[in-house]
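Since the structure comes first, as structure tokens, the remarks are kept for the end.
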Amino acid sequence: MQLNHAEINGVRFAMPPGAGIVMTQVLDVHNPNSYDVAIRAMRGQVTIADKYVMPIDFRAPGDGMWLAANAMTTVRIPVTIPMDLALLIAKETYTTPIVNFHVVGKADVTASRTFKLEKDDYSVDERGSFTSQQLRLAIGTGM
């Protein structure tokens with residue numbers, strides 16, 4: 001797995017914790033095997049601006065996101081940043097054009113649609129960035 005980029009997708013409303021900004025981590029996953037592999041789940045954490053830690057707890061629908069054999073597949077993993085934290089990060093990074101983040105976690109995968117061999121705890125450790133302007137636009141403030 002390799003982090004391609006992150007997208008700030010907009011506002012998510014839920015009860016609780018309330019409103020938040022959705023940051024989608026876009027991963028390029030190469031399946032070098034001669035059989036399809038599915039990602040069933042991903043858990044871990046993303047650290048934003050070297051100090052704000054958000055949990056990742058993604059569960060793929062159904063029997064997982066299937067990755068074709070001998071191919072690269074783009075996988076999207078969403079993380080919701082609570083609105084109060086998003087506002088704080090936007091304020092702190094106002095004069096900084098780039099906001100760095102670090103994703104550390106584990107993915108659970110299934111090998112082969114036929115045999116469904118499960119392997120848990122496939123390590124993910126990637127760094128990336130998004131622009132502070134993307135965050136401010138998603139929040140809806142020019143700050």
Side-chain angles (χ1 to χ4, degrees), residues 1-33 35-113 116-143:
M1 288 188 189
Q2 181 178 12
L3 182 67
N4 182 311
H5 68 282
E7 299 170 349
I8 304 297
N9 301 92
V11 179
R12 176 179 174 249
F13 295 99
M15 294 303 241
I21 299 297
V22 178
M23 178 178 86
T24 302
Q25 300 155 73
V26 181
L27 302 167
D28 290 332
V29 183
H30 180 252
N31 177 7
N33 300 298
Y35 48 85
D36 294 352
V37 174
I39 298 175
R40 298 187 320 274
M42 183 173 167
R43 62 200 170 286
Q45 64 185 30
V46 57
T47 303
I48 301 171
D50 295 323
K51 62 181 174 178
Y52 301 107
V53 180
M54 301 295 312
I56 299 171
D57 187 14
F58 173 76
R59 309 283 175 204
D63 61 351
M65 293 184 297
W66 285 94
L67 313 176
N70 299 309
M72 182 77 71
T73 304
T74 299
V75 176
R76 305 169 83 76
I77 307 292
V79 174
T80 301
I81 305 168
M83 187 59 78
D84 59 341
L85 181 56
L87 288 165
L88 180 61
I89 294 169
K91 182 178 177 183
E92 288 182 2
T93 62
Y94 183 72
T95 59
T96 307
I98 301 296
V99 179
N100 294 314
F101 65 91
H102 184 198
V103 177
V104 177
K106 305 281 184 178
D108 298 338
V109 298
T110 299
S112 169
R113 291 181 194 262
K116 299 200 182 213
L117 303 172
E118 293 186 357
K119 166 84 170 95
D120 295 341
D121 299 334
Y122 178 86
S123 292
V124 177
D125 187 340
E126 293 287 328
R127 294 182 183 273
S129 63
F130 55 87
T131 68
S132 55
Q133 182 182 16
Q134 286 176 299
L135 181 60
R136 289 192 304 277
L137 289 172
I139 294 170
T141 178
M143 293 178 100

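Computed over heavy atoms, backbone and side chain alike; hydrogens, waters and symmetry mates excluded.
- I98 is listed as a side-chain neighbour of T131, based on a closest heavy-atom distance under 4.5 Å.
- Between the CD1 atom of I89 and the NZ atom of K51 there is a distance of 9.0 Å, given to the nearest 0.5 Å.
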Stepwise, does the side-chain contact (heavy atoms from CB on, under 4.5 Å) test hold for V29 with M65?
CA-CA 11 Å; V29 183; M65 293 184 297; over 6 Å; no
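- With V46 as the partner, the side chain to side chain contact (heavy atoms under 4.5 Å, CB included) test is satisfied by one option alone out of I81, I77, V104, V103: V103.
- Residue I39 comes nearest to A60 through the heavy atom pair O-CB, 3.4 Å, listed as atom of the first residue, atom of the second, then distance.
- Without hydrogens or angle criteria, T93 side chain to T96 main chain gives no donor-acceptor distance under 3.5 Å.
- For the pair P78 and F58, the minimum side-chain heavy-atom distance is below 4.5 Å.
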Residues I8, I21; criterion side-chain contact (heavy atoms from CB on, under 4.5 Å); working and verdict:
CA-CA 7 Å; I8 304 297; I21 299 297; 3.5 Å; yes
Verdict with supporting geometry, N31 and T73, side-chain contact (heavy atoms from CB on, under 4.5 Å):
CA-CA 8 Å; N31 177 7; T73 304; over 6 Å; no
Chi angles and distances behind the salt bridge (charged side-chain N to carboxylate O under 4.0 Å, His left out) call for K106, D108:
CA-CA 7 Å; K106 305 281 184 178; D108 298 338; over 6 Å; no
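- Here CZ of R59 is found 6.5 Å from CZ of R43. Values are rounded to the nearest 0.5 Å.
- Inter-residue side-chain proximity for L3 and Q25 is flagged as met; some heavy-atom pair is nearer than 4.5 Å.
- Atom CD of Q133 is surrounded by 12 or fewer heavy atoms from other residues, nucleotides or ligands within 6.0 Å.
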Apply side chain to side chain donor-acceptor pair (under 3.5 Å) to the pair R40 and T110, showing each step before the final yes or no.
CA-CA 7 Å; R40 298 187 320 274; T110 299; 3.0 Å; yes
Stepwise side-chain contact (heavy atoms from CB on, under 4.5 Å) test for V26 and R76:
CA-CA 5 Å; V26 181; R76 305 169 83 76; 3.7 Å; yes
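- Atoms CG and NE2, from L67 and H30 in turn, are 10.5 Å apart once rounded to the nearest 0.5 Å.
- For the atom pair CZ of F101 and CG of D50, the computed distance is 12.0 Å after rounding to the nearest 0.5 Å.
- In this structure, the side chain of D36 engages the main chain of A69 through a donor-acceptor pair within 3.5 Å.
- Contact between M54 and T80 at its shortest, heavy atoms only, is CE-O, 3.2 Å.
- Note that OG1 of T74 is 4.5 Å distant from CG of D28, once rounded to the nearest 0.5 Å.
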